[in-house]
Amino acid sequence: MSWKKIVLSSVLTAVVVGVVVGVVVWAVMREEEVAPPELRKLDWWEHTVIYQIYPRSFKDYDGNGIGDLKGITQNLEHLVDAGVGALWMSPIFQSPMIDFGYDISDFYAIHDEYGTMEDFVELVKKAKELGLKVILDYVPNHASTYSDYFINSENRKQGYEDYFVWADYKVDPQNASARLVPSNWISQFGGSVWEWSEKRQQFYLHQFAIEQADFNFRNQAVKDEMVKIMLYWIEKGADGFRVDAIPHLFETAPDENGNYPDEPLSGNMFLRPDQAGYTTQIHVRDLIELYDVVYDWRTAVDEWAKQNGSETKVLLAEAYANISMTMLYYGDEKGRVGAHFPFNFDFITALSAKSSARDFAYVIRHWLTYMPQGRVANWVFGNHDQSRMPSRFRDDMVDGLNSLNMLLPGVAITYQGEEIGMRDGFVSWEDTKDVAALNQGNASNYLEFSRDPCRTPYHWNNSTSAGFSTNVTTWLPVAEDYKEINLQAQKDVSVSHFKIYQSLTKLRKEVALSHGEYDVQALTQNTLLLVRYLRTYDTYGLVFNVGTVADTINLSGITLLSEPLTVYTASVQSSRSPGNELPMENLTLQPGEVIVFKAPPT
Ligand SMILES: *[C@@H]1O[C@H](CO)[C@@H](O)[C@H](O)[C@H]1NC(C)=O
Ligand SMILES: *[C@@H]1O[C@H](CO)[C@@H](O)[C@H](O)[C@H]1NC(C)=O
Ligand SMILES: *[C@@H]1O[C@H](CO)[C@@H](O)[C@H](O)[C@H]1NC(C)=O
Ligand SMILES: *[C@@H]1O[C@H](CO)[C@@H](O)[C@H](O)[C@H]1NC(C)=O
């Protein structure tokens, strides 16, 4: 090579290198200019979808008409297919089934109708392989009267004497041989909370069924045992717990003479004297002491996770309480933390088919406003204690409600069947199994109390017993509409509640949904607008007509939204299809119609 060539090639090389470097630098700088600050990495539970399984009614593997663990294991793929991240199973522990598993007789064993410990281990193993977390139901408020705890306590066995809340009878000044209950407190399932024990010659307290005796949480041995139970199941592979009935953990203690105070009468004239609500419950729920126990549980599970270098174990609090008592489950002003979240039941307790878009906006903002800064919200549309979502609202609102669930910030919770729009089943008085209905109702009014209609078996397909069981007889009857509403039928068509549900869970991977801000407002009396947005990321939103008549809206004045709006998914009754462009003005929505759309970054 001549020197000229060398110089030339060096110059060329320098130019090429220079240009390349320049482009790279320019690209990096440009990248820095437009790339948003790093997004906070979310913990596994913070934006997941939790699917509640009612084990007795999910899938019957052995054909006895009762759901079981093998049935769940065999069908975990459905959960993956639906796009959920975690399952929560209502109680699977040994139980005489007075309250279908919420009356536990052995907290360390699997209920025999549901399977064995091996079946549980197998379920967890497969769930983990599929990337699903497993949340168990933890019932610390009470034990079955068939439990060893109770039998030992009733027999005053050493160490168990004060495991439950025992009290002497009150003397009747008019009748020396009568034994009066210690106070006028009424059980959640009707009747006095006090039940006489012939053996111990004392009353014990039960806030739910007679066979569900309340633990005495003022006894350290009980508190220790409860933590031991939680850690036992964590060791077996549980990823956390839904904690049952926490507001009832404590009752007011007796005075120094052993006397319990009565509650004032509520004055509610629609209730009988033996029905909960006849008195104002000031001594049997929301006692401030209970929060210390919840904060201690959190410490215990966090400590376990830290010691074992494991992922977060979650505590989800079931608490029907007012907003201030509910938010305290997150933690207190002193910086103590409790549950990862208390369930948000506002869609159940504060909204119905009669609610306007303004009611929806108000109720959604209510939770988000009261929630402590930096904590995670959640949304519940139904469960095993409440009328099913389409029955409480309307059939035509299924996709709209599922869309809200999936687009609102935080964790979405789905009760089995909501993904296909299952409605309450009809259960006759003769077939009624729920203790709440049997205790408080009769042949003409039991449906006011019964939780059986929301617990009928899952509809897999249109075959025998809706594919739930090979048995024509099932523990609760299969709802009559299973031929019309079932999973297989919805998989077989291109537009269905299930297909929409799948596309919604998929959408949750978008940054605007996992990390974004929210805006929620009523555009009209009946149409709700929810917008999720974050800086340079695509905006997503929905418009949902919660009313019973068509509604025409205008989106052109909404500053968060710019054209073009593209349909991402829409409800089954919608004439819009994914990919359609939406008009900003004169957009008409049918009753119950929802349109989920994408918009350019704000
Ligand atoms: C006194 O109480 C006993 C036990 O409950 C009852 O059998 C009896 O009838 C009562 N006597 C009167 C006079 O009410
Ligand atoms: C978790 O840590 C505890 C205490 O160090 C230990 O006894 C236990 O075996 C560990 N469990 C697992 C599953 O690693
Ligand atoms: C909630 O309930 C608690 C305990 O019963 C009561 O002290 C408080 O005033 C109530 N708060 C609201 C906002 O109703
Ligand atoms: C059922 O109970 C209600 C309320 O106590 C009562 O009014 C009604 O007569 C009862 N009906 C039957 C069929 O027993």
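Just follow the structure's listing: the first ligand is 1, and inside any ligand the first atom is 1. What you see is a predicted model; the values in this text were computed from it and never measured.
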Is it the case that over 12 heavy atoms from other parts of the model lie below 6.0 angstrom from the NZ atom of K70? no
May I ask you to decide if the ring planes of W429 and Y446 are parallel, tilted or perpendicular, using 30° and 60° as cut-offs? tilted
Candidates F343, Y51, Y138, W45 - the one meeting ring-ring contact (aromatic ring centres under 6.0 Å, His included) with W88: F343
Lys/Arg N to Asp/Glu carboxylate O, K59 vs D68, below 4.0 Å: no
Salt bridge or not for E46 and R375, using N-O below 4.0 Å? no
Starting from atom 10 (C) of ligand 2, what is the nearest protein heavy atom, named by residue and atom, and what distance separates them? N308 ND2, 2.3 Å
When distances are taken from atom 9 (O) of ligand 2, the protein heavy atom at minimum range is E235 OE1, 4.0 Å
Please determine if D385 and R455 form a salt bridge, counting it only when a charged side-chain N lies under 4.0 Å from a carboxylate O. yes
Here the atoms of ligand 4 under 4.0 Å from any heavy atom belonging to N445 are 1 (C), 2 (O), 3 (C), 4 (C)
heavy-atom search around atom 13 (C) of ligand 4 in the protein gives S444 OG, 3.7 Å
So which protein heavy atom does atom 5 (O) of ligand 4 come closest to, and at what separation? R272 NH1, 3.5 Å
Side-chain ion pair, R218 and E289, N-O less than 4.0 Å: yes
Answer yes if a protein heavy atom lies under 4.0 Å from atom 2 (O) of ligand 3, otherwise answer no. yes
Note: ligand 3 atoms sitting under 4.0 Å from heavy atoms of N322 are 1 (C), 2 (O), 3 (C), 8 (C), 10 (C), 11 (N), 12 (C), 14 (O)
Atoms of ligand 4 under 4.0 Å from any heavy atom of N442, numbered from 1 in the order shown, are 1 (C), 2 (O), 3 (C), 8 (C), 10 (C), 11 (N), 12 (C), 14 (O)
Heavy-atom contacts with S324 under 4.0 Å: which atoms of ligand 3 show up? List them by number with element. 1 (C), 10 (C), 11 (N), 12 (C), 13 (C)
Would you mind listing which atoms of ligand 2 come within a distance below 4.0 Å of any non-hydrogen atom of Q307? 4 (C), 5 (O)
Single hit among W233, Y114, F107, Y108 for ring-ring contact (aromatic ring centres under 6.0 Å, His included) with F93: W233
Determine if the distance from atom 7 (O) of ligand 2 to the closest protein heavy atom is below 4.0 Å. no
So, regarding W304 and ligand 2 (criterion: nitrogen or oxygen to nitrogen or oxygen, under 3.5 Å), is there a contact or not? no
